[in-house]
Amino acid sequence: KAGVTQTPRYLIKTRGQQVTLSCSPISGHRSVSWYQQTPGQGLQFLFEYFSETQRNKGNFPGRFSGRQFSNSRSEMNVSTLELGDSALYLCASSLDRGHQETQYFGPGTRLLVL
Amino acid sequence: GESVGLHLPTLSVQEGDNSIINCAYSNSASDYFIWYKQESGKGPQFIIDIRSNMDKRQGQRVTVLLNKTVKHLSLQIAATQPGDSAVYFCAEGGTYKYIFGTGTRLKVLA
């Protein structure tokens, strides 16, 4: 079974631009979560989607948004990029993150904002 | 953000020795915990999990111990190998999300 895939793997943008990152979960997984990882803050939860509905959201500004499609694939968007948005963005999927479910991570998208 | 990701502690062990990585979690109501391994340039990889109705679980060369009284998790790696060099994270399951610990860098010395 193929793992979680994320595209693109690397991205360079400039301040003020916007970016869209894509995540394809493991086949059959319906829950997709997004995390931001930086050296200073570690792994921080962005949001979680299940059946095209956002069930939980972390403490990030409204510039960070996401969505999930009917095939469980998910995208996240960051508008008006800031230098501090440079990070590794990780997507994780699980069958259902309702309770005691293992999340499996993709390789991440490394975003550099100049 | 909710996770704490400040200075990353490092554990250096000799190849062949056992490693013990510790983690304190925050929510006494958490009932599911996972250890992940992250190698450079890769996403976190699942190692082992444990539910709160257990205090010990064993996998291949790894053991997780859970002490709910003091909200503490540990990961024991037997006969540590060079391929075990990575950053290890514990995570506690919350409602529709995980909360990750700071992470510990494990360095295996030849």
Side-chain angles (χ1 to χ4, degrees), chain A residues 3-6 9-10 21 23 25-26 29-51 53-61 64 66 68 84-85 87-94 96-110, chain B residues 1-10 21 23-27 29-54 57 59 62 64 66 68 73 75 86-105:
Chain A
V4 178
T5 58
Q6 292 186 246
R9 292 293 313 278
Y10 304 93
L21 312 181
C23 171
I26 292 171
H29 285 194
R30 299 168 65 191
S31 170
V32 173
S33 298
W34 288 90
Y35 294 84
Q36 182 196 65
Q37 186 175 31
T38 60
Q41 295 296 317
L43 270 154
Q44 296 189 86
F45 172 76
L46 280 156
F47 24 66
E48 188 263 358
Y49 288 90
F50 178 81
S51 290
T53 300
Q54 186 182 89
R55 294 195 295 192
N56 204 350
K57 189 178 189 305
N59 298 325
F60 280 83
F64 292 82
Q68 187 180 35
D85 297 333
L88 181 67
Y89 290 88
L90 292 159
C91 167
S93 76
S94 63
D96 177 357
R97 185 56 198 103
H99 194 64
Q100 296 189 349
E101 285 282 346
T102 303
Q103 286 190 333
Y104 296 92
F105 283 84
T109 294
R110 186 161 298 279
Chain B
E2 293 187 32
S3 78
V4 178
L6 305 174
H7 175 72
L8 205 59
T10 298
I21 301 171
C23 175
Y25 64 92
S26 57
N27 186 355
S30 293
D31 60 3
Y32 183 60
F33 306 88
I34 303 182
W35 279 100
Y36 286 96
K37 170 187 179 183
Q38 188 174 25
E39 296 173 285
S40 181
K42 297 183 179 180
Q45 175 189 355
F46 171 84
I47 302 173
I48 191 167
D49 61 359
I50 188 167
R51 289 166 172 72
S52 59
N53 60 352
M54 306 170 71
R57 190 166 188 219
V62 294
V64 56
L66 174 62
K68 295 181 287 294
L73 273 172
L75 176 70
V87 175
Y88 290 80
F89 293 95
C90 67
E92 58 181 299
T95 303
Y96 306 132
K97 69 178 182 182
Y98 286 96
I99 299 171
F100 282 82
T102 307
T104 296
R105 185 177 305 281

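Every chain is numbered from 1, with letters handed out A, B, ... down the list of sequences.
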Can you tell me which portion of [X] sits under 4.5 Å from chain B's heavy atoms? Options are side chain, backbone, both or neither.
X	result
A/Tyr35	side chain
A/Gln37	side chain
A/Leu88	side chain
A/Arg110	neither

Quiz item: Which value, rounded to the nearest 0.5 Å, describes the distance between A/Gln44 atom CD and B/Ile99 atom CD1?
Solution: 11.5 Å

Quiz item: Crowded around B/Lys42 NZ? As in, over 12 foreign heavy atoms under 6.0 Å?
Solution: no

Exercise. Report, as yes or no, whether the 6.0 Å neighbourhood of atom CZ on B/Arg57 holds more than 12 heavy atoms from other residues, nucleotides or ligands.
Key: yes

Practice problem: Kindly assign one of parallel, tilted or perpendicular to the pair B/Tyr36 and A/Phe105, based on the angle between their ring planes and the thresholds 30° and 60°. | Solution: perpendicular

Quiz prompt | Least distance between heavy atoms, A/Thr102 atom then B/Asp49 atom | solution = OG1-OD2, 3.4 Å

Quiz item: Do you know which two heavy atoms are closest between A/Leu90 and B/Gly43, and how far apart they sit?
Solution: CD2-CA, 3.9 Å

Exercise. Under 4.5 Å heavy-atom distance to chain A, tell me which part of B/Gln38 shows up: side chain, backbone, both or neither.
Key: side chain

Quiz item: Centroid-to-centroid, B/Tyr98 to A/Phe45, below 6.0 Å?
Solution: no

